[in-house]
Amino acid sequence: MVVLVTGANGQLGQAIQSVVGNYPSIDFVFCSSSELNITDKNNCETIFEKYKPQFCINAAAYTAVDKAESEPEKAYAINVTGAQNLAAVCKLNNTTLLHVSTDFVFDGLATQPYSEEAIPNPTGVYGVTKLQGEQAIQNTLEKHFIIRTSWVYSQFANNFMKTMLRLASERDSLSVVSDQIGTPTNAVDLAECLLTIISTQHPIPNTQYLYGIYNFSNEGQCSWYDFAKEIFKVNNISINLQAIPTTAYPTPAKRPAYSVLDKSKIKKVFGITISNWQEQLKK
């Protein structure tokens, strides 16, 4: 079985590469953006023709939330046109697409975890383009899994954890917002989730092998302040950490105040066991 992974040099792409040894029956093809530019449909067709993948994991995305506000065309090209191109080429090649989306498709006004049926209402360019990408896939390709996730971090690429560790090496004190609530997700756990979906040939009895949208993050919830506090605790870093409201840290893009995801569906259909975010951070 051939699995093609786009965005190989990004955080998720590198996380998938770190666990390939657990999946000896899969032939992985990792393509960086220079090898496979998903905004170029001809490029997509050429790569698919060459490798003929049964599955494609789209780990390529424009994820610079604030920068997207001033670069909407670039965000659209990658998150919407790119997703559309992959869906079309997957359909042509009878390939199943696994596409990673985000909690930013929601406005954050909920008070309980968002299910897959919750009505999206993104508030910024990043969230809007990710939702449009989901819709482009849904309108083009039946054989798709859209996995919404949140607050992804790891030892790879750029992310909140690495930013906090870098800032702690440069400063004596830090201020982090405490009124945005979500769930940190270890990128390696997300990688394992995607590969579990691919490896699950026979889902749990009495459940239909459903294509569509699934939520995945680690379990539990916290604020960015709580997350930072735990990062420093795990790494034995002493720093003056202050909790501040979102209003004290204005950003070009508005963040969801609450974006915890309900994972009941993915646990039921694929039998996935999900660890608490604090446990996974220690790893």
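Along the sequence shown, residues carry numbers from 1.
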Exercise for the section: Would you check if Y258 and P113 make a side-chain contact, meaning some heavy-atom pair closer than 4.5 Å? Expected result: yes
Problem - Whether over 12 other heavy atoms sit under 6.0 Å from E170 CD - result: yes
Handout entry: Side chain proximity check, I231 to F160, heavy atoms < 4.5 angstrom
Key = yes
Handout entry: Inter-residue atom distance I78.CD1 - E73.CD, 0.5 Å rounding
Key = 12.0 Å
Exercise for the section: Decide yes or no on side chain to side chain contact (heavy atoms under 4.5 Å, CB included) for I26 and F55, but give the supporting numbers first. Expected result: CA-CA 10 Å; I26 296 177; F55 291 87; over 6 Å; no
Practice task
State whether the side chain of T95 and the backbone N or O of P53 hold a donor-acceptor pair below 3.5 Å, judged by distance alone.
Solution key: yes
Problem - Donor-acceptor pair, side chain of N215 and main chain of D262, under 3.5 angstrom - result: yes
Exercise for the section: Nearest 0.5 Å please: distance from the CD atom of Q14 over to the CG atom of N9. Expected result: 6.5 Å
Handout entry: Gap separating the CH2 atom of W224 from the CD1 atom of I244, nearest 0.5 angstrom
Key = 13.5 Å
Exercise for the section: Working to the nearest 0.5 Å, report the span between CZ of F270 and OG of S199. Expected result: 11.0 Å
Exercise for the section: Give me the one residue out of I47, L36, I57 that meets side-chain contact (heavy atoms from CB on, under 4.5 Å) with T6. Expected result: L36
Practice task
Heavy atoms only: give me the nearest S217-K263 pair and the separation to one decimal.
Solution key: OG-NZ, 2.8 Å
Exercise for the section: May I ask you to check whether over 12 heavy atoms, not counting those of E142, lie within 6.0 Å of atom CD? Expected result: no
Practice task
Measure the shortest side-chain to side-chain distance between N186 and L281 over non-hydrogen atoms and say whether it is less than 4.5 angstrom.
Solution key: no
Exercise for the section: Report the distance from atom CG of L86 to atom CG of N58, rounding to the nearest 0.5 Å. Expected result: 5.0 Å
Practice task
Establish, from distance only, whether the side-chain atoms of Q280 and N218 form a donor-acceptor pair under 3.5 Å.
Solution key: no
Handout entry: Validation row: N94, K143 side chains within 4.5 angstrom (heavy atoms)
Key = yes
Problem - Parallel, tilted or perpendicular, as decided by the 30° and 60° cut-offs, for the rings of F227 and W277 - result: perpendicular
Problem - Side chains of S115 and S264 in contact at under 4.5 Å (non-hydrogen atoms) - result: no
Exercise for the section: State whether a side-chain donor-acceptor pair under 3.5 Å links T123 with D107. Expected result: no
Problem - Residue pair Y211 / Q138, side-chain donor-acceptor N/O under 3.5 Å - result: no
Practice task
Please indicate whether N240 has more than 12 foreign heavy atoms, meaning atoms of other residues, nucleotides or ligands, lying under 6.0 Å from its CG.
Solution key: yes
Problem - K162, NZ atom: more than 12 neighbouring heavy atoms under 6.0 Å - result: yes
Handout entry: Within the 6.0 Å centroid threshold, strictly below: F28 and F30
Key = yes
Practice task
Answer yes if the side chains of E49 and T46 hold a donor-acceptor pair under 3.5 Å, and no otherwise.
Solution key: no
Exercise for the section: State, without any angle test, whether T129 and N79 hold a side-chain donor-acceptor pair at a distance under 3.5 Å. Expected result: yes
Exercise for the section: Verify the distance criterion only: is there a donor paired with an acceptor across the side chains of D226 and S223 at less than 3.5 Å? Expected result: yes
Fill in the blank from the handout: Here the ring-ring contact (aromatic ring centres under 6.0 Å, His included) pairs for residues 111-143, sequence neighbours left out, are F104-Y126, F106-Y114
Handout entry: N158 atom CG, over 12 foreign heavy atoms within 6.0 Å
Key = no
Practice task
Determine whether the side chains of Q242 and S173 contain a donor N or O and an acceptor N or O closer than 3.5 Å.
Solution key: no
Handout entry: Check: S154 main-chain N/O paired with Q11 side-chain donor or acceptor under 3.5 Å
Key = yes
Practice task
Could you please spell out the steps behind the side chain to side chain donor-acceptor pair (under 3.5 Å) verdict for S32 and E35?
Solution key: CA-CA 5 Å; S32 66; E35 295 162 315; 3.2 Å; yes
Exercise for the section: Not counting sequence neighbours, list each pair that qualifies as a ring-ring contact (aromatic ring centres under 6.0 Å, His included) and has a residue in residues 74-99. Expected result: none
Practice task
Show your reasoning for whether side chain to side chain contact (heavy atoms under 4.5 Å, CB included) applies to D103 and T183.
Solution key: CA-CA 10 Å; D103 57 328; T183 308; over 6 Å; no
Handout entry: Check: Q180 side chain, P256 main-chain N or O, donor-acceptor pair, under 3.5 Å
Key = no
Problem - Residue pair L167 / M164, side-chain heavy-atom distance below 4.5 Å - result: yes
Practice task
May I ask you to decide whether D66 forms a salt bridge with R255, counting only side-chain N to carboxylate O separations under 4.0 Å?
Solution key: yes
Problem - Atom NZ of K265 with >12 non-hydrogen neighbours under 6.0 angstrom - result: yes
Problem - Close side-chain approach of F145 to Y214, heavy-atom, < 4.5 Å - result: yes
Exercise for the section: Decide yes or no for I274 and K267: does some side-chain heavy atom of the first lie under 4.5 Å from some side-chain heavy atom of the second? Expected result: yes
Practice task
List the steps, then state whether side chain to side chain contact (heavy atoms under 4.5 Å, CB included) holds for F216 with I272.
Solution key: CA-CA 10 Å; F216 180 86; I272 291 174; 4.3 Å; yes
Practice task
Rounded to the nearest 0.5 Å, what's the gap from CG on L98 to CD1 on I197? Could you check?
Solution key: 5.5 Å
